[in-house]
Amino acid sequence: MLQMQDNTEFLSNFTSKLPTFLLTGIPGLESAHAWISIPFCCLYATALSGNSMILFIIVTQHSLHEPMYYFLSMLSATDLGLTVSTMTTTLRILWFHANEISLDMCIAQMFFLHGFTFIESGVLVAMAFDRYVAICNPLRYTTILTNSRIIQMGFLVIMRTIVLIIPLLLLLKPVSFCKVNTLSHSYCYYPDVFKLACSDTRANSICGLIDLILTTGVDTPCIVLSYVLIIRSVLTIASSVERYKVFSTCVSHIGAVAIFYIPMFSLSLVHRYGRSAPKVVHSMMANVYLLSPPVLNPIIYSVKTKQIRKAILSLLLAK
């Protein structure tokens with residue numbers, strides 16, 4: 001009896017040090033996962049092809065070698081990273097019902113998932129600054145947003161991401177997980193993993209709060225401030241036609257900001273206050289959060305940006 005107890009204790013300790021998590025597909029619809037995978041495949045194909053096309057067009061078309069389109073290429077590259085970082089686990093669950101993932105693999109996925117999320121937030125701020133300079137200070141646009149300055153801005157966004165994300169994820173390694181480690185989504189999402197911990201997580205909470213303040217807490221006010229200044233500048237234009245023409249150059253970016261931040265805040269609220277909500281709500285919000293920006297951004301910029309639309313049409317007609 002004593003030996004069995006020792007073996008149980010050993011297995012318990014081993015499991016807590018090397019936990020395995022169970023990812024969740026669409027709760028209650030497990031039998032229909034094969035059919036559900038069809039629209040998911042279509043969305044992933046749209047995200048991959050749309051963002052790849054925008055990247056290809058910006059790289060090959062010399063007329064698009066301008067600051068606005070450099071930032072758009074960064075956005076498309078980030079959306080590609082977001083798509084690839086979760087596509088494998090989601091399709092693996094839907095196709096093969098393979099929902100197990102180790103802690104190390106979970107941390108690796110969170111590094112890319114949250115890393116690309118932080119980068120996208122930073123790129124949206126850079127794009128807001130680009131629109132501010134183009135509208136409020138157009139005569140100095142090319143002298144302010146030089147190629148070297150754009151590279152510096154991209155480097156700062158990436159460095160901020162690395163500095164913030166690595167300590168956050170390293171603090172998960174010593175955490176013990178002693179409950180049923182079933183996650184709410186088809187990928188590893190930090191708040192979802194974090195709430196399963198049963199050891200002291202104060203350091204994780206503090207680090208997570210710092211990361212939140214230095215990303216969303218900084219980026220959102222910067223974007224809002226940029227548009228306050230833009231609106232103030234646009235309102236000084238006498239002609240309503242000119243006001244509409246100038247402000248229409250911001251519509252694509254406003255759409256990109258909306259489809260990035262609204263699902264992100266909604267998912268955070270669901271995790272914070274919606275614990276009694278059906279599991280399918282968590283799952284659907286998580287998929288909307290990740291798939292909306294990569295799928296919709298290429299569509300928005302293709303429809304609303306004349307130069308991108310013309311380049312895509314000329315590419316398609318040439319073929």
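The structure presented is a predicted model; accordingly, all values stated were derived computationally and were not measured.
V218 and Y132 fall into different hydrophobic clusters, where Ile, Leu, Val, Met, Phe, Trp and Tyr are joined by side-chain heavy atoms under 4.5 Å apart, directly or via other members. Residues L214 and I158 are members of one and the same hydrophobic cluster, defined by side-chain heavy-atom contacts under 4.5 angstrom among Ile, Leu, Val, Met, Phe, Trp and Tyr. Neither I259 nor I262 shares a network with the other; the hydrophobic side chains, linked directly or stepwise wherever heavy atoms of I, L, V, M, F, W or Y lie under 4.5 Å apart, form separate groups for each. A continuous path of Ile, Leu, Val, Met, Phe, Trp and Tyr side chains, each step under 4.5 Å between heavy atoms, connects L225 with F71, placing both in one hydrophobic cluster. Clustering ILVMFWY residues whenever any of their side-chain heavy atoms sit less than 4.5 angstrom apart, transitively, puts F56 in a cluster other than the one holding V59.
Interatomic distance, I166 CD1 to C207 SG, rounded to the nearest 0.5 Å: 11.0 Å. In this structure, CG on L22 lies 9.5 Å from CD1 on I93, to the nearest 0.5 angstrom.
Shown here is Y141, whose OH atom has more than 12 heavy atoms of other residues, nucleotides or ligands within 6.0 Å. Other residues, nucleotides and ligands contribute at most 12 non-hydrogen atoms within 6.0 Å of the OH atom of Y244.
For the pair V303 and R309, the minimum side-chain heavy-atom distance is 4.5 Å or more. No side-chain heavy atom of I54 sits less than 4.5 Å from a side-chain heavy atom of N297. Contact check for Q307 versus Y69: side-chain heavy atoms found under the 4.5 Å cut-off.
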**Check against side-chain contact (heavy atoms from CB on, under 4.5 Å), L48 and M87** = CA-CA 11 Å; L48 292 173; M87 181 175 65; 4.0 Å; yes
**Item:** Audit row: S121, Y261, side-chain hydrogen bond (donor to acceptor under 3.5 Å, both in side chains) steps and yes/no
**Value:** CA-CA 9 Å; S121 181; Y261 281 107; 2.7 Å; yes
**Chi angles and distances behind the side-chain contact (heavy atoms from CB on, under 4.5 Å) call for T86, C188** = CA-CA 9 Å; T86 58; C188 292; over 6 Å; no
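H114 places no side-chain N or O within donor-acceptor distance of the main-chain N or O of Q109, the cut-off being under 3.5 Å. Panel note: side chain S76, backbone S73; no donor-acceptor pair is recorded below 3.5 Å. At least one donor-acceptor pair under 3.5 Å links the side chain of H65 to the backbone N or O of I58. A distance-only check finds no donor-acceptor pair linking the side chain of N137 to the backbone of V133 [under 3.5 Å].
Using cut-offs of 30° and 60° on the angle between ring planes, the pair F194 and Y190 is parallel. The aromatic rings of Y227 and F247 sit perpendicular to each other, their planes meeting at more than 60°, with 30° as the lower class boundary.
With sequence neighbours left out, the salt bridge (Lys or Arg N to Asp or Glu O under 4.0 Å) criterion links R160 to D219. Scanning for salt bridge (Lys or Arg N to Asp or Glu O under 4.0 Å) contacts around D192 gives K195, with sequence neighbours left out.
Remark: aromatic rings of H33 and F40 are distant, center separation not under 6.0 Å.
Grouped by direct or indirect side-chain proximity (heavy atoms under 4.5 Å, Ile/Leu/Val/Met/Phe/Trp/Tyr only), L171 sits alone.
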